[in-house]
Structures are given as structure tokens and as C-alpha cells.
Amino acid sequence: MLFYANIKTYPAVFRSFTGLDVPEFESLLAYFEKAWDELREEAADANKDRQRRGGGGAVPTTLRTHEDRLFFILVYLKLYPLQVVMGFLFGMSQGRANEWISRLGTVLQKALGMAGALPARDPVSAKRQFEASTVREFIIDGTERKTQRPSENERQKTYYSGKKKAHTLKNDLVVDTGSYTVAYLSPTVPGKTHDKVLADQCALEFPPNSVLFQDTGFQGYAPSGAIVMQPKKKPRGKELTVAEKIINRVISKARVIVEHVIAGVKRSRIVKDVFRNTRKGYDDTVMELACGLHNRRCRHRHA
């Protein structure tokens, strides 16, 4: 069975299993413990009127320490194995593994929020994030990840992406070029949704005179406060001038940062492999967790 105490002595293996180095893990552990205790207290308050003593008949578990609990959920997000495999690795049944994944995902989400690592999810908090940036240069881009084909005919049409030739989920991300972190994450929508349509729905506002780089998929997108930098398309039947080609090349070099950030987010294979979970809203939760882990990792390594 896997235990944190055993595997932490192998740093390279530990990073492969969790996506974090041991010092990064231990710094996140303090927030995880606090989040666990707060959620336990909230649950106790909600059940204070119950007649039976809480915890009676509970099945013994191998996840007895905060270290093993955090290690468990990080392994799941990083490697995304089948739940029966998770159960085998950690000495429990598949059903018990499913319960721990749901429970610990909530704890980790709260812990990352306490650490200030989660991206903004609404226009108001996004504007605060943008204003806190030291550089005030941002990049917006869309990213897709595959999901299982829906069984209903109408839903499968909605989730089918002609771009990826597969059924996908989509998010728009706004990246802070100064910190290489995800400053804003849009809601998760079906893959057929266009990048620009989703961006319009988010209704973001940027600080005055901030710079926003975007690709031609956002043609016509001009949010309030931002100076938009977008490559110019080649006119039909004509060629771009030398000056226009140079400007396009400069913008493309600036935009490469967002590709590195998306690759960092997708170190968590749960947002890279075909998404299999069917719990409502979990597709959005795991993307938020993956962005939060990337932000935490980035700030810790490049403080």
C-alpha cells in the first residue's frame, strides 16, 4: 500500500505521483489540516441535533493522517487512475475510494482557497485579481479536454467539438504574464461553445490601460479597460505587409506563455485524459483544482 511516510524519501518518485515536491506538499499541508478541521466543525454543527452518536459503525481506513489524506487526493488528480486501482493502492474498496475522492476534493479546494491559489471565478473577484497584478499584461485563451460521449443524442451534439473531432469540455483562462498563473477561470461549458461567445458571457473588466493578448479565435472581443493585442488575419487574396508580419510574430511570442501555463495545469492528468466521472459539477471542480495546484506550484518555485 502507498503511504506518504514511505514515498517521501524518494523525491523524484514523489513528484511523479503528486506533481509537487516534498517542501511544496508540506507547505500546502498546513492549509489542508485547517480546512479539514473547519469542515469537520461545520458538519458537527449541522448534525448537533442527531440522537445517535456520530461516527458509530464507521469502517476503518488506511487514511488516518492528514499527510496520507492529502497524498491520496493529489495522487488521484495527478495520475487519474480507475477508482478500483486507487482502492487497491491505498488498501480500501472501490466504493470507499469514491467516498474519499469526493470528500477530500472538497477539503483540497478549501485549502487552496485559503492559500490564495485558486483562480477567480466571477467578474468582480476577477477584476480584483487583475488589479493586484504587478505587470497588468494578460493573455486570454480557450482550452478543451476530452470527455466521454454522452448517451443522449442532443447532449452529444452539444459536446461534440469540430475542432478536436471529439466530445469535449471547454474553459477560457486569463493568464497573468507576470506570475505565470491562472488569474481567472471561466465556467466549464460544452466543447461546441465558441471561445469568443464564452468570453462575452463572462463579462470581464480589466484595469485601465492593461494589455490583453488574444488569438484570432477572439476576433471582435474587446473587454472594458483593456488594450487588445491580436494578430492580424491575412486578407483574402492578399498578403500581409512586412510590418504586419513582424507585429504578428511579436504577439505570438508573447502569447506562448499561455501555452506553457495550460501545459502546467494539465500536469494533473484528470484534466488531460478523457474525463470519466459523472458526478454533476465535478468536471468544473477538477479544472479549478488543477489551476489552483498550478498556481500554488508556480508561486512556490518562482517566488
Side-chain angles (χ1 to χ4, degrees), residues 1-48 50 52-118 267-271 277 279 282 285-286 288-301:
M1 291 188 295
L2 291 177
F3 291 100
Y4 167 74
N6 296 336
I7 201 169
K8 73 174 184 177
T9 56
Y10 304 94
V13 177
F14 187 85
R15 177 185 277 202
S16 298
F17 269 79
T18 64
L20 300 178
D21 293 327
V22 175
E24 296 165 354
F25 178 94
E26 292 178 346
S27 68
L28 179 58
L29 181 63
Y31 295 103
F32 187 84
E33 291 177 358
K34 187 176 181 181
W36 171 275
D37 292 339
E38 288 189 4
L39 289 172
R40 289 267 293 186
E41 290 176 5
E42 291 174 8
D45 290 340
N47 295 324
K48 63 182 179 181
R50 63 180 291 170
R52 240 178 118 183
R53 180 173 60 88
V59 179
T61 178
T62 55
L63 304 181
R64 295 172 182 170
T65 66
H66 290 304
E67 291 87 346
D68 286 329
R69 292 169 190 144
L70 178 56
F71 180 63
F72 175 91
I73 191 62
L74 289 178
V75 168
Y76 180 70
L77 295 174
K78 177 64 168 65
L79 303 182
Y80 196 39
L82 297 174
Q83 291 181 359
V84 67
V85 175
M86 284 293 293
F88 181 81
L89 291 175
F90 287 89
M92 62 184 72
S93 67
Q94 181 271 331
R96 193 67 170 163
N98 179 273
E99 292 176 11
W100 275 115
I101 288 167
S102 175
R103 184 179 184 183
L104 295 179
T106 303
V107 179
L108 179 60
Q109 187 177 30
K110 187 175 182 68
L112 289 169
M114 289 177 174
L118 291 179
R267 287 188 186 184
S268 299
R269 298 198 67 90
I270 196 167
V271 294
N277 301 59
R279 185 155 60 91
Y282 198 60
T285 299
V286 296
E288 184 176 359
L289 290 175
C291 290
L293 289 171
H294 167 79
N295 290 351
R296 181 69 183 168
R297 182 169 53 237
C298 202
R299 288 168 181 163
H300 195 277
R301 296 181 186 179

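In this structure, NE2 on His66 lies 5.0 Å from CG on Asp37, to the nearest 0.5 angstrom. Between the OG1 atom in Thr106 and the CG atom in Leu289 there is a gap of 8.5 Å [rounded to 0.5 Å]. Rounded to the nearest 0.5 Å, atoms CE (Met86) and CG (Asn98) are 11.0 Å apart.
Between Leu28 and Leu108, the shortest heavy-atom contact is CD2-CD1, 4.1 Å. Contact detail for Met1 and Gly91: the closest heavy-atom pair is SD-CA, 3.3 Å. Counting all heavy atoms, side chain and backbone alike, Met92 lies closest to Trp100 at SD-CD1, 3.7 Å. For Met114 against Ala35, the heavy-atom pair with the smallest separation is CE-CA, 3.9 Å. Across all their heavy atoms, Gly292 and Leu118 have their closest contact at CA-CD2, 4.1 Å.
At a threshold of 4.5 Å between non-hydrogen side-chain atoms, the residues Val107 and Arg69 do not count as touching. Two residues are said to be in side-chain contact when any heavy atoms from C-beta on lie closer than 4.5 Å; Leu293 and Ser268 meet this criterion. The closest side-chain heavy-atom distance from Phe3 to Arg64 is not below 4.5 Å. Contact annotation: the side chain of Phe25 approaches that of Tyr4 to within less than 4.5 Å [non-hydrogen atoms, C-beta and beyond]. The shortest distance between side-chain heavy atoms of Leu2 and Thr62 does not fall below 4.5 Å. His294 places none of its side-chain heavy atoms less than 4.5 Å from the side chain of Arg267. The closest side-chain heavy-atom distance from Val85 to Leu79 is not below 4.5 Å. Between Asn277 and Gln83 the shortest side-chain heavy-atom distance falls below 4.5 Å.
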Per-pair distances, 0.1 Å, donor-acceptor, side chain in residues 10-23, under 3.5 Å, sequence neighbours excluded:
residue	atom	partner	partner atom	Å
Arg15	NE	Asp21	OD1	2.8
Arg15	NH2	Asp21	OD1	3.1
Arg15	NH2	Asp21	OD2	2.8
Ser16	OG	Ala12	O	3.1
Thr18	OG1	Phe14	O	2.9
Thr18	OG1	Leu20	N	3.2
Thr18	OG1	Leu20	O	3.2

Check the pair Tyr282, Ile101 against side-chain contact (heavy atoms from CB on, under 4.5 Å), reporting the backbone distance first and the verdict last. CA-CA 11 Å; Tyr282 198 60; Ile101 288 167; 3.4 Å; yes
Arg297 vs Glu24, side-chain contact (heavy atoms from CB on, under 4.5 Å): CA-CA, chis, key distance, verdict: CA-CA 7 Å; Arg297 182 169 53 237; Glu24 296 165 354; 4.1 Å; yes
Can Phe32 and Leu104 be said to form a side-chain contact (heavy atoms from CB on, under 4.5 Å), step by step? CA-CA 9 Å; Phe32 187 84; Leu104 295 179; 4.0 Å; yes
Between Tyr31 and Leu112, is a side-chain contact (heavy atoms from CB on, under 4.5 Å) present by the stated rule, with each step listed? CA-CA 7 Å; Tyr31 295 103; Leu112 289 169; over 6 Å; no
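Remark: side-chain polar atoms of Asn295 are paired, donor with acceptor, to backbone N or O of Ala117 under 3.5 angstrom.
Phe72 and Phe90 have perpendicular rings, their planes meeting at more than 60° on a 0 to 90° scale where under 30° would count as parallel.
Counted within 6.0 Å of CZ on Arg40, heavy atoms from surrounding residues, nucleotides or ligands total 12 or fewer; the atom is thus considered open. The neighbour count for Lys34 NZ, taken as heavy atoms of other residues, nucleotides or ligands under 6.0 Å away, does not exceed 12.
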